[in-house]
Amino acid sequence: MKVVVVESPAKAKTINKYLGDDFKVLASYGHVSDLPAKDGSVRPDEDFAMTYEVDPKSEQHLKAIASALKGADQLFLATDPDREGEAISWHVHNALNRRGALKGVPVKRVVFHEITKSAVQKAIANPRDIDMNLVNAQQARRALDYLVGFNLSPVLWRKLPGSRSAGRVQSVALRLICEREAEIEAFRSREYWTIDAEFAAGERRLLARLHALDGKKLDKFALGSEDETRAVLARLEALSDWRVSDVERKQGRRNPAPPFTTSTLQQEASRKLGFSAKKTMQVAQKLYEGISLGRETVGLITYMRTDSVNLSNEAVAAIRDMVDQVHGPRYLPDRPRSFANKAKNAQEAHEAVRPTDVFRRPKEVRSHLDDDQFRLYELIWKRTVASQMAAAILDQVAIEVTDGAKVATFRATGSVIAFDGFLALYQEGRDDEEEDEEKRLPNFERAEPLDRGPLKSDQHFTEPPPRYTEATLVKKLEELGIGRPSTYASIISVLQDRNYVVLDKKRFVPEDRGWLVTAFLVSFFDRYVEYDFTARLENELDQVAEGEVDWKAVLRAFWDAFHMAIDGTSDLKISDVLTAVEARLESHVFPDKGDGTDPRACPACANGRLSLRLGKFGSFVACSNYPECKFTRPVGGAAGTGDGASEAGATGLDVGPKHLGDDPATGLPVTLRKGPYGVYVQLGDGGKGEEKPKRASLPKGLTPEAITLDIALGLLALPREIGRHPETGEVITAGIGRFGPYLKHNGAFKSLTPDDDVLTIGINRAVALLAEAPKGRGGSVAPLRVLGEHPSGGEIALYKGRYGPYVKHGSVNATLPRAADPEALTLDEAVALVDARAAATGKTAKPAKKAAASKAKAKAEKPAAKATKASTAKATTATKAKAAPKRKAAAAAEPDEVPFDDAVPVKAAAKTAAASKPAASKAAPKKAAAPKAAAAKKPAPKKAAPKKAAAKTSAAG
């Protein structure tokens, strides 16, 4: 028996079918070891010694592999064919070796770039050793990210409260977004005019634009005002005897784009399919790992993490055959096309992303794919085939028309596709530039007379540079050589998760927090957010992978300068930080109003000056006359000049609170304000001697523009009494809580739907909604989707919980990681999540009937439990006192359903609870002391868990 280890269960299932009964294929479920999220995991003083820990979730997978190796003839490590995959193989090998599972078992590494029977069998027949150059390149990257995250993030927390984290690559990407936004804010629009005229000869018509006047070619801004344009129009009206003065025809060729790399796939999927980078990689992963086509399961595309634009000779031959058969010999170039990669630091060890079998056309596999899989596969298939097709031939025509006195010249241009070539199948998408208009022009001859129709003038204004989309940001990062295509999706996700940027109309807009972090880093760590420096570091990591540079030397060179920069901030005062940040963000925080007034003058009092301040929730702008003047506003209070102005600017909140009116009952002012958590309404000013003013947040879907005095008063009056429930007689109230608008009845809560208005919902609708709510913890909730059967029996379903989506199998619930896409979740992934959750908590999934039987048994044993209750009350109370915060959090969630960020502390609490359960359930009156002993042991592990959680959060940055 031979054992093969791959990364994912889906891949394991596909490969097992190719290798037969003499092989057992198991999954490692990704990385099995990583640097623990605590200080000392990378130790520069010990020549960068690194301590790895096996992830608790990986223990069961390693045990399964170790068990399969008993009596095995050989172990093949077949993880992904890149640096991460090489490192996973190395970690699996080391973990198994420490367990003594590899005694007498030879170990080899195999790689394949497509999951097809021939590719897998060929890889098994040609094994190699683990490539330590690739492993060390991955170790160096991981160590660099750790050293930056664990040393720079704490400086941010101390010196710039409200900041979340800094990262080696994420901070550079954030700088790109902020600098583009600064360009937009600094942009000053410029006016220009154009004049068009329609000319005709019989039925033939030509729309042309004024191109030259008095023998001089007009540039874009030649007509800069309406007055100038009117003067020119008056001259043109007097001209006559219009004729075709020149007809220029030339032929051009347009070649197809190369096949996809990781980054170009992400860009094109964003443009054409609207996919995020993360979604593109998730869907591509499924296409790569294997799709069941009925009689066989096969990977439909090659490995999707690659910088290469090359195709194998076999693939090129197959594509050319496909083109010849389907489109004919005219569409086949004389020689196969080859492409060069233009990206910096491109790693071209693999092929481009392509179909594993080009004759497996999209329409033939449509019935086996979901919509997203089909659309992405079709995109990859078309791009690959088009890359080996003939060039398109375009006839480009320019026609000039001049009056008899040769005072004015009008010009029209267009292009006509003479031969479509590859365009018959595929055309690459564009980003922000306007596409060439391929319009057909009539056939005119030189000196042919024309009749002029009406003249038309249009006013235009120059536009600021566009904000980055996911596609253009990925393109820019690749052009600069920053990061790796395989990391772009996670970089973009981290920036959004940290609330550094937000996607507005599919374009990135920096949040206040993102502006401040960037200004801080540029002020005090400029070298480490320079584009060239980050790109050079990527190049050095590539050299490590090639065996040209020692990985420890790269770390030493980086650390020597970096830790000096960190040490240099030890005496830095927060006031110094604010001064530096304020100076760098002067034009953003205090933009020129354009009316000559001082942008830093306080609008609320006569002589105050605005400045940047730090508060509990981060930075804000406040008046220097505090506490006499309480004017405050967000850092980015002024409306933007680019697409999608800020919410604050759109509502007038950039100049302080917006007065809506006075409350008729109290006479106090009602204002609309913006705070750290968004826009809210407030009753009163909260001045000296006044009570803390009442405030109410705006519910989701209610825009600041829509807020009137009546709506504000209604929000301030919440929670409101709707009426009494007709069955229970208990009062039903409506209010807004941390999870949004809700109904409350008899201690139970029910969230309102997006269609319900918390201010107007009536008793009938409230009763109907409450009737839909699950009754207590045991109530049933309809799943979003049933995923299938668990291998041990019982179905696994996807649910929506208050902390996000989770999967459920029996009594085990597992929250989806933040990076997971619920829509793309597979059964295999769900099985891995619930199994890991069950292993962590000590739970086993119980069928519904057994759970019911257990309840009946518990009911029968109630008297015994009562006897035990009194004797254990003291111990239980002591335990509850120490565990109160966590118990409260757990009670608010579904069973085992926890916020993903709190997974570690809750998991630790669950383990402790599981450990004490047997004693509590078996305890008779005589053994009442047993729980007490257990309670005495509980505090130690509970204290340890939160530290671990905090460390993990730091490492994530």
Side-chain angles (χ1 to χ4, degrees), residues 194 196-199 201 204-212 217-220 243-261 264 267-268 271-272 309-311 316 319-320 322-324 326-343 352 379 381-402 409-448 450 466 471-472 475 479:
T194 57
D196 295 328
E198 185 177 73
F199 297 92
R204 292 170 295 153
R205 299 225 179 303
L206 177 71
L207 184 66
R209 176 158 295 177
L210 182 62
H211 177 67
K217 182 181 175 182
L218 301 178
D219 64 22
K220 185 174 184 177
R243 293 178 180 274
V244 176
S245 58
D246 191 22
V247 178
E248 183 183 346
R249 292 184 175 90
K250 61 181 179 179
Q251 201 169 73
R253 297 169 65 85
R254 186 185 298 177
N255 291 318
F260 282 131
T261 62
T264 55
Q267 293 169 46
E268 196 74 337
R271 298 182 195 111
K272 293 198 169 201
V309 290
N310 299 322
L311 297 172
V316 170
I319 295 167
R320 286 174 64 84
M322 163 65 73
V323 173
D324 192 25
V326 175
H327 296 280
R330 278 189 72 206
Y331 289 83
L332 192 65
D334 295 335
R335 295 189 304 274
R337 292 188 181 279
S338 59
F339 300 91
N341 201 316
K342 297 178 183 177
L379 187 70
W381 188 91
K382 285 185 174 181
R383 172 85 164 222
T384 305
V385 175
S387 72
Q388 290 298 322
M389 291 177 69
I393 298 174
L394 294 87
D395 286 334
Q396 296 170 328
V397 182
I399 300 175
E400 291 187 354
V401 179
T402 308
T409 300
F410 284 79
R411 183 181 176 89
T413 59
S415 60
V416 177
I417 297 175
F419 171 61
D420 54 5
F422 74 93
L423 294 176
L425 181 64
Y426 178 84
Q427 181 164 351
E428 187 177 21
R430 302 287 182 93
D431 288 316
D432 298 304
E433 69 271 16
E434 292 182 7
E435 293 192 33
D436 296 330
E437 188 179 358
E438 293 174 354
K439 60 182 180 181
R440 186 182 294 272
L441 298 181
N443 190 25
F444 288 101
E445 297 298 329
R446 190 188 296 267
E448 186 174 354
L450 299 173
T472 54
K475 185 177 181 180
E479 286 174 356

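Quick note: numbers below take in every heavy atom, side chains included, and nothing from hydrogens, waters or symmetry partners.
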Would you tabulate the side-chain donor-acceptor contacts of residues 386-395 under 3.5 Å, counting partners in other chains and residues two or more places apart, or write 'none'?
residue: S387; atom: OG; partner: T384; partner atom: O; Å: 2.6
residue: Q388; atom: OE1; partner: R337; partner atom: N; Å: 2.9
residue: Q388; atom: NE2; partner: R337; partner atom: O; Å: 3.1
residue: D395; atom: OD1; partner: Q251; partner atom: NE2; Å: 3.1

(request) Apply side chain to side chain donor-acceptor pair (under 3.5 Å) to R253 and list each qualifying residue two or more places apart in sequence or on a separate chain. (result) none

(request) Taking the side chain as every heavy atom from C-beta outward, state whether V247 and R249 have any atom pair closer than 4.5 Å. (result) yes

(message) Going by the rule salt bridge (charged side-chain N to carboxylate O under 4.0 Å, His left out), which residues pair with R446 if we only count those two or more places apart in sequence or in a different chain?
(response) D246

(request) Kindly write out the residues that satisfy salt bridge (charged side-chain N to carboxylate O under 4.0 Å, His left out) with R320, not counting sequence neighbours, or none if the list is empty. (result) none

(request) Could you pull out all residues at least two apart from R209 that satisfy side chain to side chain donor-acceptor pair (under 3.5 Å)? (result) D196

(message) In the structure I gave you, are the side-chain heavy atoms of E400 and H211 within less than 4.5 Å of one another anywhere?
(response) yes

(request) Using a 4.5 Å cut-off on heavy atoms from C-beta on, say whether the side chain of E428 contacts that of Q267. (result) no

(message) Checking H327 now: which residues fulfil ring-ring contact (aromatic ring centres under 6.0 Å, His included) with it, not counting sequence neighbours?
(response) Y331

(message) Can you list everything that forms a salt bridge (charged side-chain N to carboxylate O under 4.0 Å, His left out) with K272? Sequence neighbours excluded, please.
(response) E268

(message) Restricting to ring-ring contact (aromatic ring centres under 6.0 Å, His included), what partner residues turn up for F410, sequence neighbours left out?
(response) F199, W242

(request) With sequence neighbours excluded, tell me which residues meet ring-ring contact (aromatic ring centres under 6.0 Å, His included) with F260. (result) none

(request) Using the test side chain to side chain donor-acceptor pair (under 3.5 Å), find all partners of N255 that sit at least two apart in sequence or belong to another chain. (result) none

(request) Answer yes or no: is there a side-chain heavy-atom contact under 4.5 Å between V401 and L450? (result) yes

(request) With sequence neighbours excluded, tell me which residues meet side chain to side chain donor-acceptor pair (under 3.5 Å) with Q396. (result) none

(request) State whether the side chain of R204 and the backbone N or O of P442 hold a donor-acceptor pair below 3.5 Å, judged by distance alone. (result) no

(message) Test of understanding: with salt bridge (charged side-chain N to carboxylate O under 4.0 Å, His left out), list the residues that count as partners of R330, not counting sequence neighbours.
(response) none

